[in-house]
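Down below is the structure, laid out as structure tokens.
Remember, it's a predicted structure, so these values are computed and weren't measured experimentally.
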Amino acid sequence: MACRTSSIASFVVTTLVLLATISDAQLSSKFYESTCPNALSTIRTVIRTAVSKERRMAASLIRLHFHDCFVQGCDASILLDDSSTIESEKTAPQNFNSVRGFNVIDQAKTEVEKVCPGVVSCADIVAVAARDASFAVGGPSWTVKLGRRDSTTASKSEATNDLPRFTDDVDILISRFDKKGLTARDMVTLSGAHTIGQAQCSTFRERIYNNASDIDAGFASTRQRGCPLVVSEDNDKKLAALDLVTPNSFDNNYFKNLIQKKGLLHSDQVLFSGGSTDSIVSEYSKNPTTFKSDFAAAMIKMGDIEPLTGSAGIIRNICSSVN
């Protein structure tokens with residue numbers, strides 16, 4: 001009986017490994033080579049135009065891909081609006097009035113539909129847009145694996161529970177990324193995208209006014225000028241660059257800032273606060289080439305999180321709804 005049980009268990013494990021291998025094999029950088037050869041160039045044109053009009057959009061598109069992949073996998077579920085059957089992830093606390101770039105993805109989808117209707121998924125467009133956005137502001141490029149399909153569901157509850165928060169300590173951040181198959185190094189690497197990002201006053205007000213030992217006093221004073229202590233809807237929405245030095249360039253100044261106690265968000269500064277990730281921050285602060293190389297690798301790895309492939313999911317005609 002024990003032998004039979006062992007054989008069944010071995011069969012199950014083997015089957016699961018085989019299925020995982022098949023699923024991963026269905027993602028390929030050449031997925032649209034014959035069905036939509038102009039897909040990537042069409043998406044690239046839209047992204048370059050959007051970033052040239054608003055450089056901040058680059059960070060927004062990278063973050064959009066990240067927030068998509070962390071909930072149900074990289075399936076474009078974050079793009080779905082509320083409906084009678086869907087509670088949108090857009091209203092989760094970590095996304096509400098914060099995640100953006102939906103209009104750019106919609107535009108890219110519209111243009112792709114013109115050249116090959118019903119072929120390219122919204123999930124793949126989000127993944128490609130993140131790569132093109134990075135490269136448009138001097139960041140790394142990478143080969144995007146394609147063939148993801150779009151979900152027909154969303155999960156506000158999973159978004160609320162799984163997405164990182166600006167109040168997270170480093171151990172919580174490591175745990176959140178580990179749950180998605182990403183390492184502590186991946187977490188620090190991907191946080192480096194904040195070098196071109198911005199944050200709302202409501203997310204860092206407490207940090208810049210609390211006179212704590214983990215923030216440079218001069219830096220806090222400078223930030224206070226753009227983020228009043230008085231709480232109001234207008235004040236809460238005031239923006240500040242996460243990297244005060246080179247906010248429009250994808251570089252390693254984010255990590256240099258952390259070493260100088262100039263991380264704007266609590267969840268930024270905890271990456272260099274006497275903990276296990278200090279050495280990674282130090283390494284990236286000294287070697288921008290290593291940071292960019294690791295960032296590209298981490299983005300590829302993140303893009304592999306639980307994709308829908310083959311007959312799973314659908315190809316949405318409109319990214320914000322299940323057609």
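- Legend: residues meeting ring-ring contact (aromatic ring centres under 6.0 Å, His included) with F102, ordered by chain and number and at least two apart, are absent.
- Annotation: salt bridge (charged side-chain N to carboxylate O under 4.0 Å, His left out) contacts of K114 (sequence neighbours excluded): E111.
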Decide yes or no on salt bridge (Lys or Arg N to Asp or Glu O under 4.0 Å) for K238 and E233, but give the supporting numbers first.
CA-CA 9 Å; K238 290 182 182 295; E233 185 175 350; over 6 Å; no
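- By the 4.0 Å N-to-carboxylate-O rule, D186 lies close enough to K301 to be salt-bridged with it.
- The salt bridge (Lys or Arg N to Asp or Glu O under 4.0 Å) contacts involving residues 58-80 comprise nothing, where partners must be two or more places apart or lie in separate chains.
- Other residues, nucleotides and ligands place no more than 12 heavy atoms under 6.0 Å from the CD atom of E206.
- Salt-bridge formation is detected for the pair D162/K179: a Lys NZ or Arg NE/NH1/NH2 atom is positioned less than 4.0 Å from an Asp or Glu carboxylate oxygen.
- Listed by chain and number, the residues in a salt bridge (charged side-chain N to carboxylate O under 4.0 Å, His left out) with K30 amount to none (sequence neighbours excluded).
- For F204, there are no ring-ring contact (aromatic ring centres under 6.0 Å, His included) partners, not counting sequence neighbours.
- Annotation: salt bridge (Lys or Arg N to Asp or Glu O under 4.0 Å) contacts involving residues 251-263, sequence neighbours excluded, are absent.
- For an aromatic pair to be called close, the ring centres must be under 6.0 Å apart, and Y284 with F295 fails this.
- Listed by first and then second residue, the ring pair (Phe, Tyr, Trp, His ring centres under 6.0 Å) pairs that reach into residues 158-198 are F66-F177, F70-F177, H194-Y254, sequence neighbours excluded.
- By the side-chain hydrogen bond (donor to acceptor under 3.5 Å, both in side chains) test, E306 is found to be paired with no residue, residues two or more places apart in sequence or in another chain being considered.
- Partners of P93 according to the side-chain contact (heavy atoms from CB on, under 4.5 Å) rule, which considers only residues two or more places apart in sequence or in another chain, are T160, R165.
- Note on residues 272-294: pairs passing salt bridge (Lys or Arg N to Asp or Glu O under 4.0 Å), not counting sequence neighbours, are R185-E283, R185-D294.
- For the salt bridge (charged side-chain N to carboxylate O under 4.0 Å, His left out) test, residues two or more places apart in sequence or in another chain that qualify with D214 are R207.
- A heavy-atom distance below 4.5 Å is found between the side chains of K109 and C122.
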Donor-acceptor pairs under 3.5 angstrom involving side-chain atoms of residues 137-144: please list them, not counting sequence neighbours.
none

